[in-house]
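Remarks on the structure that follows.
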8 protein chains.
Amino acid sequence: MMGVKKAAIIMGSDSDFPTVSAAVKRLKSLGIPMEVHVMSAHRTPQAAAEFSGSAVKNGFGVIIAAAGKAAHLAGVLAANTTLPVIGIPIKSSTLDGLDALLATVQMPSGIPVATVAIDGADNAAILAAQILALSDETLAAKLVEMKKQMAEGVAQKDAAIQAKIQEL
Amino acid sequence: MMGVKKAAIIMGSDSDFPTVSAAVKRLKSLGIPMEVHVMSAHRTPQAAAEFSGSAVKNGFGVIIAAAGKAAHLAGVLAANTTLPVIGIPIKSSTLDGLDALLATVQMPSGIPVATVAIDGADNAAILAAQILALSDETLAAKLVEMKKQMAEGVAQKDAAIQAKIQEL
Amino acid sequence: MMGVKKAAIIMGSDSDFPTVSAAVKRLKSLGIPMEVHVMSAHRTPQAAAEFSGSAVKNGFGVIIAAAGKAAHLAGVLAANTTLPVIGIPIKSSTLDGLDALLATVQMPSGIPVATVAIDGADNAAILAAQILALSDETLAAKLVEMKKQMAEGVAQKDAAIQAKIQEL
Amino acid sequence: MMGVKKAAIIMGSDSDFPTVSAAVKRLKSLGIPMEVHVMSAHRTPQAAAEFSGSAVKNGFGVIIAAAGKAAHLAGVLAANTTLPVIGIPIKSSTLDGLDALLATVQMPSGIPVATVAIDGADNAAILAAQILALSDETLAAKLVEMKKQMAEGVAQKDAAIQAKIQEL
Amino acid sequence: MMGVKKAAIIMGSDSDFPTVSAAVKRLKSLGIPMEVHVMSAHRTPQAAAEFSGSAVKNGFGVIIAAAGKAAHLAGVLAANTTLPVIGIPIKSSTLDGLDALLATVQMPSGIPVATVAIDGADNAAILAAQILALSDETLAAKLVEMKKQMAEGVAQKDAAIQAKIQEL
Amino acid sequence: MMGVKKAAIIMGSDSDFPTVSAAVKRLKSLGIPMEVHVMSAHRTPQAAAEFSGSAVKNGFGVIIAAAGKAAHLAGVLAANTTLPVIGIPIKSSTLDGLDALLATVQMPSGIPVATVAIDGADNAAILAAQILALSDETLAAKLVEMKKQMAEGVAQKDAAIQAKIQEL
Amino acid sequence: MMGVKKAAIIMGSDSDFPTVSAAVKRLKSLGIPMEVHVMSAHRTPQAAAEFSGSAVKNGFGVIIAAAGKAAHLAGVLAANTTLPVIGIPIKSSTLDGLDALLATVQMPSGIPVATVAIDGADNAAILAAQILALSDETLAAKLVEMKKQMAEGVAQKDAAIQAKIQEL
Amino acid sequence: MMGVKKAAIIMGSDSDFPTVSAAVKRLKSLGIPMEVHVMSAHRTPQAAAEFSGSAVKNGFGVIIAAAGKAAHLAGVLAANTTLPVIGIPIKSSTLDGLDALLATVQMPSGIPVATVAIDGADNAAILAAQILALSDETLAAKLVEMKKQMAEGVAQKDAAIQAKIQEL
C-alpha cells in the first residue's frame, strides 16, 4: 500500500492560467488532491528541478506541465523524476501552437512526456485521473461514470439538433 | 490491492513492428507482463473495441497503441476504456510523421491519448512503466536505476568524445 | 432496382453545426432525403459503429461525417460500412484545420474516406448528390442545372465588378 | 435503368503510373470496366476538359484523377462534369506530398473533389467501387466480402506476430 | 513593332476584390491599359480557357490571376497561352494562405506561373509593369522613378521614427 | 526599338548547378543569349548588387536567380533593378525546400520576385522566354510550337500506357 | 581596451515599430547606447549595406534587425559586417511568422544570423546585452540582477495564483 | 581586465558529433580555446545546469548547444547563465529538423537563445567568434580575412562554372 497520491499542475507562466484552469476544475470535480504552481523551466530552473526531484517523496503520483512556445517545462520536470509527466502544449501568439506541441512531444529516448492536445488541459487532468485510478477503485468508478455521462450528453445533443434541422 | 497489471501493445499493422519492437524489448527488460497484438481501428474495429472494452477485467493497466497516417487506433482504444492509453505516431511514406502525430495527439476533450514522439516506441514503454510503477515499488526502483544508468551513459560518451575532438 | 437512398450527415459535436448546416441546406434544396445526427467517434463509439454498420439496411446510400482536431469520425464510420463516406475536416481553435484534414484524409489502404476541403460542408453535400445521382436521373439533371447557374452567377459578378473598377 | 458504368483513371504524367497502377489492379480485381489515360490539366487542357465533359454520355460513372505538385487535374476534370471525381495527390520530389494534397482537396464551394490520402491509389479505386456499388448489388457484395478478408488478414498477422515477440 | 499591350487581371471570385484592387490601382497609376474580370477555373472553365487562349490576339501582354484555396486559376490560364501569367495566392479562412501558395507556385515543368507573395496584389502589378516595360521605355522610366520614391519614403520614415524613440 | 535582350542566370552556390542546368539548356534550345554566374547575396553582396544595378545597361532583359535555405539572392537582385527577376527556390538538406520557397516568394510590397516551383529551373527559363517573347515574334512562335509538342508528348504517353495497363 | 560599443536596431518597416519598441525599452533600461533606424533590404539596399559596412568603425558592437515576410534584412546586414547580427522575425498577415523565421534563421554557411523567437524583440535586446556584457562588467552585473528579478517575479506569481485556485 | 574567454560546445548526444564537428574545426582554425562535452538536458540535467551555472567563473565567454527533436539543451543552458548561448537545431529522423528549430528558437521573453540554421554548426562557431572578437582585435582581423576569402571563393567558382556552361 503506497497511499493516496497527489497531482501537481505546473504552468510556465500565469498567463497560461485561463487555459490551465480547466485541469484544476476537472481534478477538483474528481476529488483528486493537488498542488498548483507557476514555475518556469527557464526563469526558475532550480525551483522546477527541485520540485520534480522531490515529487515522489512529497506524495505526488503524477505531474501536469503546461507551457507555450519552446515549451521545455514538461521535459525539464520529466528529466528530474520517474513519475509520469503529462505535457499540455499552450498556443501562443504565433505558429498556432505547433511550436509548443513539437517542443513537448518530441522527447528523446529515455525521458517520455505524455502529451495531450494543444490547450488540452481538461484531457491532461482526465489522463492524470486515469493514471491515479489504477490504484484507486473509487476514482476508477468515477471515470466510468464520467464516460457514461459524456455519452448521454452526446445523445441529448443529438436529440436537440433535430429541431434545428427542421428550421433550416 | 488490485494485483499486478499487464501492459498491452497494439499496432495497427505488422509493418509497424520494426519500430514497435523497441517497446516490447523495454517492457521485457523491466519485467512487465504484456500482450502484443495487431489490430486495426479501420480493418478490425470491433476487435479493437472489444479488446479495449474488456481490458480492465482482463488485467491490463495500460495500453500502448502504434499507428501511422490518419492514426485513429489509440483514439479508438481510448474511446472504449478508462485505462490510460499511450499513442505512438508512426512515420510512414509521406508527410514525415506529422499526420500520425496530429491524428494521435489532437484528441477532443474527454478522451485523452498520452502521446509520445513520432516513432517513440521506447518512450511509450517507459511511460507505461512509470504509470504501472505508481503501485509497484519494485518497478519504481528499476526506473530510478535506469535513470542513473542513462546519466552514466552520457558521462561515458562525454569522456569518449574527448579523444575524437583531439583528432579533428 | 435498389430504391431511393437517403444521405446521412453525422457531426462529432453540436458545435460543428454552424458549419455543417450548409450541407443540410444543400441536400434539402436538392430534395435528397436525409438524417442528421450528433455522434462521436470517441464519446459514443458504439452508437457510431452501429449506425454505420446498419446504414445499408436502413436505406442510406452515402454518409457525410464532420469532425475537428484528431478527426476520427469519418474513419470510424467508414470502418463499419461499405457505403461511400465523405469527410468534412472542421477547423478548430488551433492549427487552422490542418489536424482535422490530415486525420480525415490520410486513411490507410482498404478504408477510403472521400475528403473535401476544411469546412467544406457545401461541397460534401454536392459530392453526396453526385454519388446518388448516378442512379437518379432527376437528381442528375438538377446537378447539371446547378452547374449552369453557378457559371451564370460568375458571369453576373464579372459584369458587376466592372463598375467597381471604374471607381478605383 | 442507366446501365453498367465505367470508371476512368486519368493521371497527369506517366511518371505517376507506378503509384496509380494499384488503382488499376483493384478495379480489375473487382471486375469494374475502365479506361486509363495520361492527360494533363496544364499540357493538354482541352483534351482533359473534353474527356470530362463527355464522360457521362460515354458511359462513365466515376473519374479518378492522379497528379502531383500543384495538382489541378482532379479540379479541372470536376469543373467539366457532374460525375463524382476522386483525387489522388501524388508525392513528388519536394514537400512530401503536401502541395498535391492541398491543391487537390481545398476545392472552392460548388466543385467538390473526393480526395484520398497522398499516393492512396488503392483507396481511390475502392471508393470508386463503393460509389458504383450503390446501383450494382453484385459489386456491393464483393466489397462486403473484401472487407471480411481484410479483417481476417489482420487476424492472421496478429497470430503471426506472436512468434516474433517471443524472439525479442 | 508589336504595339502597346494590355494587362489582364482575373480573379476567381469577387470576394477577392478587396485584395486585388491594389493591383488595379497600381496599374492605373502607371498608365497601363487593362481589363479586369471575374472568372473561375472551376465554375467557368471554358470562359477562362477561351479568354486565355485568345489573349495574345486580343492585345494582352501579361495576365494576372488571383485565387484562393486550391488556386488553379493561374495554372489554367497559363495552360492556354504562352503569355507570362502572374499568380497571386489569396489567403482564405483556413491554412493562412499556404494552400493557395502551393497550388499556384508548384506548377509542373512546361507551364510556369510567376508567383508573388500571398495577397501580394501590388507586387503582381509591379511585376506586370516590369515585364511590359521591357518594350516600353516610358513605363521603364516610371518604374525607375517609383523605386527612387520608395527609397525616399523609407528615409522619411527613418527620420520620423527618431522622435518616437525619444518618447519610449 | 530596344534591341535583343539577354537573360542572366545567377546561382547562389555552384552546388545549385545540377538543378540550374535545366534552365541553361532550355534557354540554349530557344536560342536566347545568356550569361551564367555564381554570386552570393551573402558572400559577395556587392558583386550581386552591382551586377543587378547595371543589368539594364548591360543588355539584360530578365534575371533568373536560384538559391536555397534563406534564399535572399532573388530579392537582393530585385532590390537593385527594375527588370523582372525570376526566383528558383532550391531544395537543400532540411525542410524539403519550404524555407527557400518562403524566402523567395514572400517579398514585401514594392519589390516583386516572380517565383517558380521548388527546383523549377526549367519553368524559370520558360517564363524568362515568355517575357522576352513579348518583343520578339520569332521567340513567341517557338513557344507556341513548344506548347504543341508538349501536348503531343502527352498524347504519345497516353498511347504508350495502354500496353502497360493490359499487363497488370 | 576597445571602448564602449553601441547597439543598432534596424527595422525593415516602421510598421514593425510596435513590436520592436520592446527592444528599445530593454536597451534603454540597461543603459546601452543605441541608434534606431528604418532601413529596408529591398527598398534601400545601399543604405543598409553602407550602414552595416561601416558599423565597426562607427562604434557599434552588435546589430539587431527586425523584418517580416521574406525577411532578408538581417542577412543583408550580416553580409556586410563581421559584427554579430541578431534577427527578429516579425509576424505579418499570413503564415503566422513562419516565413520570416525561416528567411531569417536558415542562413547559408559563412554568414550567421543569431535568430530569436518570432516577435522576440525583448530577447533580441537581452541577447545584445549578453554579448556586450562580455567586455563590460557593469552590464554583466545588471544582467545577473535582472535574472534574479525574473525568478522572483515567477515566485510572486506562484504565490498570487494560489488564491485564484481556491476560487475555482 | 576579463582575460581571453573560451567557447564551450555542448551536444545532447554523441550521435550529433558528425554535424557538430564542423563547429569544432572552425573554432580550431580561428585559434579559439574551447571545451567540448556531451551533456543532455534530459538525461543529465544537473550536470548541464552546473556547467552552465559556473561557465562565467570557469572562463567561458560563449556556449554553443546542439540538440535534436524537442531540443531543450540550449534553453536549459541559457536558463542558468547570463552568457550568450548559441543553439544549433539538429535534424533527426522525423520532421526534417522543424521540431528542433522551433524548440530552440521560440524561447520565452527573458531567456534568449541565438539560433542558427538547422545543422548550422559552422555558422554557430562563426557567430561565437564574432561575439568573442568584440574584445579581441586579432580574432576580429581573422574574421575580416575569412570574409574576404569567402568572397574570393565565390569568384573562383563563378570562373569555374563558365566551362561547365559551355558543355551543356
Side-chain angles (χ1 to χ4, degrees), chain E residues 16 18-20 22 26 66-69 71 87-105 114-124 126-127 130 143-168, chain G residues 6-30 32-51 64 66-73 91-100 102-103 118 121-122 125:
Chain E
D16 301 329
T19 300
V20 172
R26 178 66 73 179
K69 304 184 82 173
I88 311 170
I90 301 287
K91 174 178 171 173
S92 55
S93 58
T94 62
L95 295 177
D96 231 4
L98 182 64
D99 47 0
L101 172 58
L102 297 182
T104 301
V105 77
T115 306
V116 295
I118 300 167
D119 288 351
D122 188 28
N123 269 0
I126 294 173
L127 178 57
Q130 290 176 333
L143 289 171
V144 171
E145 177 60 24
M146 189 180 83
K147 215 171 177 80
K148 273 187 204 154
Q149 289 180 355
M150 279 200 312
E152 291 168 8
V154 173
Q156 288 167 5
K157 285 173 180 168
D158 180 35
I161 213 153
Q162 303 306 322
K164 291 190 187 175
I165 301 300
Q166 302 308 321
E167 295 167 11
L168 288 181
Chain G
K6 289 180 292 183
I9 299 179
I10 314 295
M11 68 197 89
S13 162
D14 61 349
S15 65
D16 300 329
F17 186 67
T19 300
V20 172
S21 61
V24 179
K25 287 181 196 163
R26 179 66 72 179
L27 290 183
K28 280 197 177 180
S29 80
L30 289 165
I32 296 173
M34 79 183 108
E35 284 186 28
V36 183
H37 290 294
V38 181
M39 283 183 192
S40 166
H42 299 118
R43 300 181 183 187
T44 59
Q46 284 92 342
E50 284 164 22
F51 179 87
I64 295 170
K69 303 184 82 173
H72 300 189
L73 183 59
K91 174 179 172 172
S92 56
S93 57
T94 62
L95 295 178
D96 230 6
L98 183 64
D99 48 359
L102 297 182
I118 300 168
D122 188 28

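The sequence lines fix the lettering, A, B, ..., with proteins before strands; numbering per chain opens at 1. Basis for what follows: all heavy atoms, side chains included, without hydrogens, waters or symmetry-related copies.
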With chain E as the partner, which of K69(G), H42(G), K28(G) has the greatest number of non-hydrogen pairs under 4.5 Å? K28(G)
Is S93(G) close to chain E through its backbone or its side chain, or both, or neither, when contacts mean heavy atoms under 4.5 Å? backbone
Side chain from CB out, backbone as N, CA, C, O: work out which of these in M34(G) comes under 4.5 Å of a heavy atom of chain E, or both, or neither. neither
So, the part of A160(E) with a heavy atom under 4.5 Å from chain G: the answer is neither
For I165(E), which atoms come within 4.5 Å of any heavy atom of chain G: side chain, backbone, both, or neither? both
Quick check: do D14(G) and K164(E) have side-chain heavy atoms less than 4.5 Å from each other? no
Are the side chain of [X] and the backbone N or O of [Y] linked by a donor-acceptor pair below 3.5 Å?
X: K25(G); Y: L168(E); result: no
X: Q162(E); Y: H37(G); result: no
X: D96(E); Y: D96(G); result: yes

Distance col, row D158(E):CG vs S40(G):OG, nearest 0.5 angstrom, shows 11.5 Å
Considering the options L95(G), D99(G), L98(G), which one meets the side chain to side chain contact (heavy atoms under 4.5 Å, CB included) requirement together with L98(E)? L95(G)
Residue, of K157(E), K91(E), M150(E), that accumulates the most heavy atom pairs under 4.5 Å with chain G: K157(E)
